[in-house]
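In each ligand, atom 1 is the first atom listed, and ligand 1 is the first ligand listed. This chain uses plain numbering: 1 for the first residue, then up along the sequence.
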Amino acid sequence: MHIFLTGAAGIIGSYTAKYLLLKGHSITAVDIHPLPEDLKLPAGSIFVQADCTDFQALEKALLQVPCDGVIHLGAIPNPRTGSDDRITHNVNVTASYNVLRTAADQGIKRIVQASSINATGVLYTHESRRKFEELPLTEKSPLTPEDPYSIICEIQADSICRLYDDVRISSLRFHHTCDAKYAVERSRHEDLWSWTSLEAAARACLLGVEANESSFSRGHEAFYILHDNLIFGKASKEIGEGFYDAELSSGMDPDTVTAKELVQLYYPGTKLKEDWWSEGNERRSLFDNSKAKRMLGWYHEK
Ligand SMILES: NC(=O)c1ccc[n+]([C@@H]2O[C@H](COP(=O)([O-])OP(=O)(O)OC[C@H]3O[C@@H](n4cnc5c(N)ncnc54)[C@H](O)[C@@H]3O)[C@@H](O)[C@H]2O)c1
């Protein structure tokens, strides 16, 4: 396949570019910035420096080589790093619409876009309002985000699929996406102690563009793409950051504390789906990732 990949200079994008090339695909790599030096494109793949908020430049890039699928990862990932979250909104919402709409207009039937666990309302929702009716979260859980873009990009995908009924879009809700060695130290209660490996994210992107008609019950689907188990323990003891103190002072052992115990400590009153832990894994994730397994054939490596 030839795959149009935006955000190819970024953390997930550059890993995904290498993954796609390794799997024998060719790419049109797009980014507002140059590609990192360690990402070399072989013959048949090209780089186009373009801004996805400029739909004419984007369309020109898309038309350079006929594409079988699109993976859109070009965005400002953290709404707090910019000086003004209106900029994050304007870039991410506009870029997503431009990419989805332009690809669908050009007859591309398989599109993947990065979404985030924050579509549900997790890390970027204020502590006082971060409440969950029921855990684990599924893609059907209520959506109460306060960040400036994630759920809007998913709603745009719904609308594109109403316009083009043969287009299939996967919005991949990544958790904190990183190399395994950083996963534990970044684990925190604000986003329910999880993570996504770069390999798992890249593989989900490819499965999204490879998805066949029977994978999807409707045009647009959101998927949680994250690890099966809580990431909490060992290294976290040495970090010494405030959010670990509560577990330690409450007498809990970070290496053995269960998902239910953490919920009772941090989110008291939250209803728990008891059968989620019935298979005996007491540290099973507080996000249900089974939809991606069922519909895309995706899994997170151990
Ligand atoms: N990394 C994570 O932990 C994480 C978690 C959840 C969701 N996501 C989502 O995944 C996507 C990729 O995230 P990342 O961590 O790789 O971010 P990143 O900042 O490393 O990469 C994003 C890339 O997009 C490019 N870009 C930004 N605006 C652009 C524009 N207008 N036109 C073209 N290119 C543009 C940037 O130059 C950058 O190379 C984002 O949508 C992000 O919100 C990331």
If we only count N/O pairs under 3.5 Å, is Ile76 in contact with ligand 1?
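Min N/O separation from ligand 1 is not below 3.5 Å for Ile76.
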Does an N or O from Ile32, backbone or side chain, lie closer than 3.5 Å to an N or O of ligand 1?
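Yes, Ile32 has an N/O under 3.5 Å of an N/O on ligand 1.
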Once rounded to the nearest 0.5 Å, what's the spacing between atom CZ of Arg283 and atom CH2 of Trp193?
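Spacing of CZ (Arg283) from CH2 (Trp193) equals 11.0 Å.
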Looking at ligand 1, is there an atom of it that comes within less than 4.0 Å of some heavy atom belonging to Ala50?
yes
Check if Thr6 has a non-hydrogen atom at a distance under 4.0 Å from any atom of ligand 1.
no
Going by the atom numbers of ligand 1, which of them fall below 4.0 Å from some non-hydrogen atom of Ala114?
9 (C), 10 (O), 11 (C), 41 (O)
Considering the heavy atoms of Ser115, write down every atom of ligand 1 situated less than 4.0 Å from one of them.
6 (C), 7 (C)
Any chance the rings of His300 and Trp195 have centres within less than 6.0 Å?
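Distance test on ring centres: under 6.0 Å, yes.
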Any salt bridge (charged side-chain N to carboxylate O under 4.0 Å, His left out) involving residues 97-106? Give me the pairs, sequence neighbours left out, ordered by first then second residue.
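Applying salt bridge (charged side-chain N to carboxylate O under 4.0 Å, His left out) to every pair that reaches into residues 97-106, excluding sequence neighbours, yields Arg101-Asp105.
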Applied to residues 3-58, the ring-ring contact (aromatic ring centres under 6.0 Å, His included) test, sequence neighbours excluded, yields none
Heavy-atom distance to atom 27 (C) of ligand 1: which of Ser96, Gly7, Ala75, Cys153 wins?
Ala75
Check each of Asn92, Ile11, Leu58 against atom 18 (P) of ligand 1 and report the one with the nearest heavy atom.
Ile11
